[in-house]
Student: 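Below is the structure I would like to discuss, written out as structure tokens.
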There are 2 protein chains.
Amino acid sequence: MSNSKGRSLARRRMNAEDRRSAIISAAIRLFAENGFRGATTRQIASAVPVLYEHFATKSDLYRAIIDAKSQQGIEYLRETLTPYMERRDDRGFFRNLGLLIVEFYDKDPDYVRLLMFSALEGHELADVYYQRQLEIYLEFVLSYTRQRMKAGVFRRINPEVLARSFAGMVSSYAQARVLFPNCVMDMDPKAAIDKMTRIFLHGILKTQD
Amino acid sequence: MSNSKGRSLARRRMNAEDRRSAIISAAIRLFAENGFRGATTRQIASAVPVLYEHFATKSDLYRAIIDAKSQQGIEYLRETLTPYMERRDDRGFFRNLGLLIVEFYDKDPDYVRLLMFSALEGHELADVYYQRQLEIYLEFVLSYTRQRMKAGVFRRINPEVLARSFAGMVSSYAQARVLFPNCVMDMDPKAAIDKMTRIFLHGILKTQD
DNA sequence: CCACTAACATAGCATTCGCTAACATCGAGT
DNA sequence: ACTCGATGTTAGCGAATGCTATGTTAGTGG
């Protein structure tokens, strides 16, 4: 039985769809690491076969991977946050939201790296990427904070400012953990998020009379 | 009187020090725009003469510009904040600090672009860059917040968490204004900072009895 | 004025890059 | 077994890149 030279049985032929997916996955890693100009088509071509059967140009491939990556977002937002929303557990809500964000960045550094690279490179999909991330988050936070304001528990605050401020605070920390890992506070991330949440929550709760 | 062909009188010869500075300035713009791999030495060489008389390699030049840019930081921090510190004007302190950060990013996008590019590219000076930025800021905020906690005005909060949280919230907004200008809140930056400051300040002030 | 040196300009080298073309091989169908 | 088409591999093209080498020119000092 003759294999192509140097290829194991595991490297059998894939159908077009699977091969395309494999190319995208490999390319995500390489572009996330090196950016558009830094990652070479030769690098990518040596990691996955028949690159040019699927993508005419490097730009086409980059666009495809940016689009694919931007479709992802923080997972389990609904499952995680819904219990706290139902219980009106403000602390649980914000704390767990913060933890989800940090965990997501920690687990998938490629996500934020590609977000940043695409923005710095002026990619046409960068705004879309950012908006998709934001929308996933805003849906929950705006809904919950409006509810809590209406109930008189939260102070009268522009809901969007509130939502984006919390996101900014937490994602800045999460981003630094990915991009400047040696420069973050020497503190367990759970403790850090907990403390940030306490400050923030105290800032949005109505003062007790 | 014969000039070199196509050169105006304005392009007289510079001494080595001035020429080096001019090369660094031009290179900062090009590297901030395109990153290390995206900016070509030919681009730079066509913008400023005798590049290779001053820098042996592209990497040497990049290192020089990263180092130069990382020495910069938010200007007028002392002049602006000291009056508020002396007056114990918490609101004024944080609000003006926030505005300074936003104005600085708006005025010098190259600063944050190079910070991000250097981090994404894994440059050896990226951490230094980030730390220098942070130190300038922390000096003031830690000092002030410790003072205010001692005076019993601010709640007992880890000062570093406090300082970094505010910075994170504001710089996330400032960064988005540079990198995702179409995605920021439709609101005057002064108003946005004011609202963020109010949330934050409420979060750190002791509850009134 | 001349000589010298530092600043400047440009042609070109070797290597790398994105991509194409030609060929090889697998796998399904007859 | 054979054929055909889709998947896979590799050599090589033309252009781009970082850098070197060579020659030109400005400016200073004697």
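Below, chains carry the letters A, B, ... as their sequence lines are ordered, and counting in each starts from 1.
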Student: Show me the pairs that pass ring pair (Phe, Tyr, Trp, His ring centres under 6.0 Å) and involve residues 172-193 of chain B, at least two apart or across chains.
Tutor: A:Tyr130-B:Phe180
Student: Taking N and O atoms by type only, does the side chain of A:Arg19 place a donor or acceptor under 3.5 Å from a partner on the base of D:dT7?
Tutor: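 Not at all, since no donor on one side and acceptor on the other fall under 3.5 Å apart.
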Student: With the threshold set at under 4.0 Å for non-hydrogen atoms, list the residues of residues 32-43 of chain A touching DNA chain C in residue-number order.
Tutor: A:Ala39, A:Thr40, A:Thr41, A:Arg42
Student: Just how far, in rounded Å, is C1' of C:dT5 from CD of B:Glu53?
Tutor: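 It works out to 12 Å between those atoms.
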Student: For the residue pair B:Phe104 and B:Tyr111, does the interplanar ring angle fall in the parallel (under 30°), tilted (30 to 60°) or perpendicular (over 60°) class?
Tutor: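 Rings of B:Phe104 and B:Tyr111: perpendicular, over 60°.
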Student: Expressed in angstrom and rounded to an integer, what is the separation of A:Glu17 atom CD from D:dA6 atom P?
Tutor: 16 Å
Student: Kindly point out which of D:dT25, D:dC19, D:dT7 is positioned nearest to the side chain of B:Arg13?
Tutor: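 Between D:dT25, D:dC19, D:dT7, the one nearest the side chain of B:Arg13 would be D:dT25.
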Student: From CG of A:Asp18 over to C1' of C:dC26, roughly how many Å is that when rounded to an integer?
Tutor: 16 Å
Student: Examine the side chains of A:Asp67 and A:Tyr129 and answer whether a donor and an acceptor come within less than 3.5 Å of each other.
Tutor: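 Note: A:Asp67 and A:Tyr129 side chains miss the donor-acceptor criterion.
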Student: Taking atom P of C:dC17 as reference, at what distance in whole Å does atom OH of A:Tyr52 sit?
Tutor: 12 Å
Student: Using heavy-atom distances to pick each residue's nearest nucleotide on DNA chain C, tell me which of B:Val50 and A:Thr57 is more 5'.
Tutor: B:Val50
Student: Take the protein atom CZ of A:Phe55 and the nucleotide atom P of D:dG8, then report the distance between them rounded to whole Å.
Tutor: 14 Å
Student: Between A:Lys69 and A:Asp110 (salt bridge meaning N to carboxylate O under 4.0 Å), is one present in this structure?
Tutor: no
Student: Once side chain to side chain donor-acceptor pair (under 3.5 Å) is applied, do any residues pair with A:Asp89, and if so which ones, sequence neighbours excluded?
Tutor: none
Student: Under 3.5 Å, is there a donor-acceptor pair between the side chain of B:Thr57 and the main chain of B:Asp60?
Tutor: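 Yes.
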Student: How many Å lie between NZ on A:Lys58 and C1' on D:dA16, as a whole number?
Tutor: 12 Å
Student: For B:His54 and D:dG18, what is the distance between atoms NE2 and C1' respectively, to the nearest whole Å?
Tutor: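 Taking atom C1' of D:dG18 as the reference, NE2 of B:His54 is at 18 Å.
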Student: Is A:Arg155 reaching over with its side chain to a backbone N or O of A:Gly203, donor-acceptor style, under 3.5 angstrom?
Tutor: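 Yes; judged by distance alone, with no hydrogens or angles, the pair exists.
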Student: What is the distance, to the nearest angstrom, from the CG atom on B:Leu51 to the P atom on C:dA7?
Tutor: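 B:Leu51 atom CG is separated from C:dA7 atom P by 14 Å.
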Student: Using the closest heavy atom to pick a nucleotide of DNA chain C for each, name whichever of A:Ser59 or B:Ala16 lands nearer the 5' end.
Tutor: B:Ala16
